[in-house]
2 protein chains.
Amino acid sequence: MEKNYSSSSQKFLNEETIAAIATPPGKSALGVLRLSGHDALKKAATFLQIDVQNLKPRTALLTRAAWGENFLDQVVALYFPKPTSPTGEDLIEITAHGSPFILSSLLKTALQSGARMADPGEFTRRSFLNGKMDLSQAEAVCDLIAADNQAAHRAALIQLSGGISNTLRKIKTPLFEMLAHIEACLDHPEEELPPPPESEFLTLLHEIHGSILDFASTYERGKKIFSGPRICIAGLPNSGKSSLLNALLGRDRAIVSEIPGTTRDTIEESVSMGNLTPLLIDTAGVRHKTEDAVEKEGIRRTHDALKNSDLTLIVIDRSKEISSEEEKTILSLAEAARKENKPVIFALNKSDLPRRIDHHWEGILVSALLKEGILDLKKSLASALAQESAGHEVLITSLRHHEALTSASAEIFSVGKAIQDNAGRWEERAAFHLRECLRFLGEITGDNAEKDVLDAIFSKFCVGK
Amino acid sequence: MEKNYSSSSQKFLNEETIAAIATPPGKSALGVLRLSGHDALKKAATFLQIDVQNLKPRTALLTRAAWGENFLDQVVALYFPKPTSPTGEDLIEITAHGSPFILSSLLKTALQSGARMADPGEFTRRSFLNGKMDLSQAEAVCDLIAADNQAAHRAALIQLSGGISNTLRKIKTPLFEMLAHIEACLDHPEEELPPPPESEFLTLLHEIHGSILDFASTYERGKKIFSGPRICIAGLPNSGKSSLLNALLGRDRAIVSEIPGTTRDTIEESVSMGNLTPLLIDTAGVRHKTEDAVEKEGIRRTHDALKNSDLTLIVIDRSKEISSEEEKTILSLAEAARKENKPVIFALNKSDLPRRIDHHWEGILVSALLKEGILDLKKSLASALAQESAGHEVLITSLRHHEALTSASAEIFSVGKAIQDNAGRWEERAAFHLRECLRFLGEITGDNAEKDVLDAIFSKFCVGK
């Protein structure tokens, strides 16, 4: 019952052979040019010494690339025939020396042979249009390349292997069955079919509604994994937050001075920590009363940063006594985080000086100055964040998918409402909302995707993908 | 008689399998990891699903890359068996998605499997050590990748195809014969061999000396092609040199004002012009008398720039009369260039204003302001420089090669001198200098190259080449 956009548009698009450099710009050992389309081989043969009729599939062929009299490079050509090629079309990959001059010359010759410069993401788009993957998988290619930590990488791989469509299939199958049942009753009222089992439907709809919302709710985690979790470094003025940021980064990013309130703007820097790449946010020190307008604004920003972070790292200067007012300030920072179920870690800084704080303060002993205890602190941060990272769960990482799921869940709600209202001919209303729900779910995998939707999605890709 | 370093050291180096990313850093569609060495396949099999025993050479195999339980990516593996592989060793190329995270993870797994991170240029070095190419060809790989214009690209290709060793062979063969003849006389004085034909030798040495110097003299052109020719833009103050630079570049690089003497430091910018990428050098306007110390320094730099350039572009403001003193200044600029056989092109600027200069001034009519005539000017510049670019000639582009040729020519001179002096036992002196000459020539192609020489050469390469 699911329709596939692929077959209908395949013919139209294959008319043109596209070409693009598939490796990053810059000088290196190797660079790759790709051509895809129904006459990719014929185009390639205008500048490679290949025998189009007898080119062995998937076999590396050492050959000469030349444009007219101009020899360009000795290259390795690899031919992936349709329909098993990555794009589903005839595809040829040409590996040359990694010289920008050679690669751009090869691309120029390919374009002069009649190939067209590929649009951003067009290789992946053709792969989708030729039924090699669904739209959620095509989008995962972009995520996979962009993933800069293990959790994001794993989430993208799960999506690329069809995780999203598998999850959606479990949601869609009972909906299709329900719709078929209702449509049969609507289409053949003369046949006196058994009426749809309303209460059974309601139970099922309730379950499905829950599944869709659960799936949609993974977006928060998915987004976090991709953008990297945020660690907010907070504490009293002059507790050594900026020094600790520098120690965690391993370089002097923030200006450090003995004057309390040196940091005013929040400073954000990524750091690799275990499998994650969290963003460290250094903030202005917090105190209850200040008359300085700039400091006040700094503290306001600190509270914003705390709100938007996933973990609060509270830095305490253990070499100075803490007044009861200051204690209140520190505890309020911790309380705010815990209220939102966010982990809090205390770092007791200045381990190089004698301890003056009360014995009830506990935390990881560090000296930002001497760079001591930093590894321990990193481990604690990583393990607190690791609980946040996904295992083998399918996560939603695209706002587009999240919006489609939200719309689908609203439609499920409307189906339920139609049944419950039970006003005459509720079946028609229910069928309408079921179809709408399935349409929203189908948007995720790209069933019947419109050209402008695809344009919007693939324009985010780089050329060559 | 020529010795080859290859065979002796091959065994030693092959012990280790090396690994490196062969594509530039950055996100893209594809990225390639390479492993080379006698157990490259076994190392690769620790993280790829490949059957080492039955892996088909030069055949693209779609397989999974994983480290332990962690699936990394679906990759294409290509196996190039020794001795026909590019390195002469077992080589495996793994093409993954162009994600820096995936590629660095793949590299890490390769290193964990026991492969060693490749040194800069080590793949090419092994290619040389395994007798796949001589040292001049190995060095040409670096040139080929760096070549950013057609002339440099062609020069590198000619070197890569063995152009240098072919040229050297023609020089070395008669020297080897001469040495054999002399050594036979020295080794077997009892056999009363016919004495070396001295005058014939002298004629031959004279010819060879000329050939070596001719070959060495290509270095100037080779260097110029690689660094790009230099075009010096000169003229009176306020003739519009900086405006013309901007018009040629197509962007506002130099500050332009109506105040004469705005440009003080020389400004250098590359611009693509036909097959070349010349460097445009904008200079301070020249006048006979100035009291301003900064302006004087500017003019001194202009003269330096003129001396080091390959073409002088003289800009004349055609809307203002030229005094006889100014005419002298302009003509002296042209004269200086012509003395060194460098082309001179006149641009008559401000074609948007009425002509006021004398009718004997000729040149290319341009308006830097309205960007008119710029294409004509570019064509003239490119064609004047094109005479400088090499055809199919073998050019020397490396200072190392130039120095070796210079030393070799000095040795030839000493051989000739030994014969001419004709003092008793000249044969020994001649044989000594012939051997030295052949040693210098052998250095170019890397015969008996020492480890530290190779280290110095390949350290200029990037990792992965």
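Throughout, a chain's letter reflects where its sequence line sits, starting with A, and its residues are numbered from 1. All values derive from a computational prediction rather than experimental measurement.
Between chain B and the residues A:A20, A:C462, A:G121, A:A147, the most heavy-atom pairs under 4.5 angstrom are made by A:A147. Here A:A146 is the residue among A:A146, A:P100, A:P57, A:G464 with the most heavy-atom pairs under 4.5 Å with chain B. Highest contact tally toward chain B, considering only A:L103, A:T124, A:L157, is held by A:L157 [criterion: heavy-atom pairs under 4.5 Å]. Contacts with chain A were tallied for B:A22, B:G26, B:G31; B:A22 has the most, counting heavy-atom pairs under 4.5 Å. When each of A:I102, A:L61, A:V463, A:V32 is checked for heavy-atom pairs under 4.5 Å with chain B, A:I102 comes out on top.
A:S99 OG to B:D143 CG: the interatomic distance, rounded to the nearest 0.5 Å, is 11.0 Å. A distance of 9.5 Å separates CG of B:L62 from CZ of A:R58, quoted to the nearest 0.5 Å.
Looking at heavy atoms from C-beta onward, B:H97 lies in side-chain contact with A:L160 at the 4.5 angstrom threshold. B:L30 has its side chain within reach of A:E93: a pair of non-hydrogen atoms, C-beta onward, lies under 4.5 Å apart. By the 4.5 Å heavy-atom criterion applied to side chains, A:L72 and B:H153 are counted as neighbours.
Contacts of residues 63-71 of chain A with chain B at a heavy-atom distance below 4.5 Å involve A:N70, A:F71, listed in sequence order.
Within the 4.5 angstrom heavy-atom criterion, atoms from both the backbone and the side chain of B:L144 approach chain A. Proximity to chain B (any heavy atom under 4.5 Å) is restricted, for A:P25, to the backbone atoms N, CA, C and O. Using a 4.5 Å cut-off between heavy atoms, A:V141 contacts chain B through its side chain alone, with no backbone atom that close.
Taking all atoms of both residues into account, the shortest heavy-atom contact from B:I145 to A:S28 is CD1-O, 3.3 Å. Across all their heavy atoms, B:A29 and A:K465 have their closest contact at CB-CA, 3.6 Å.
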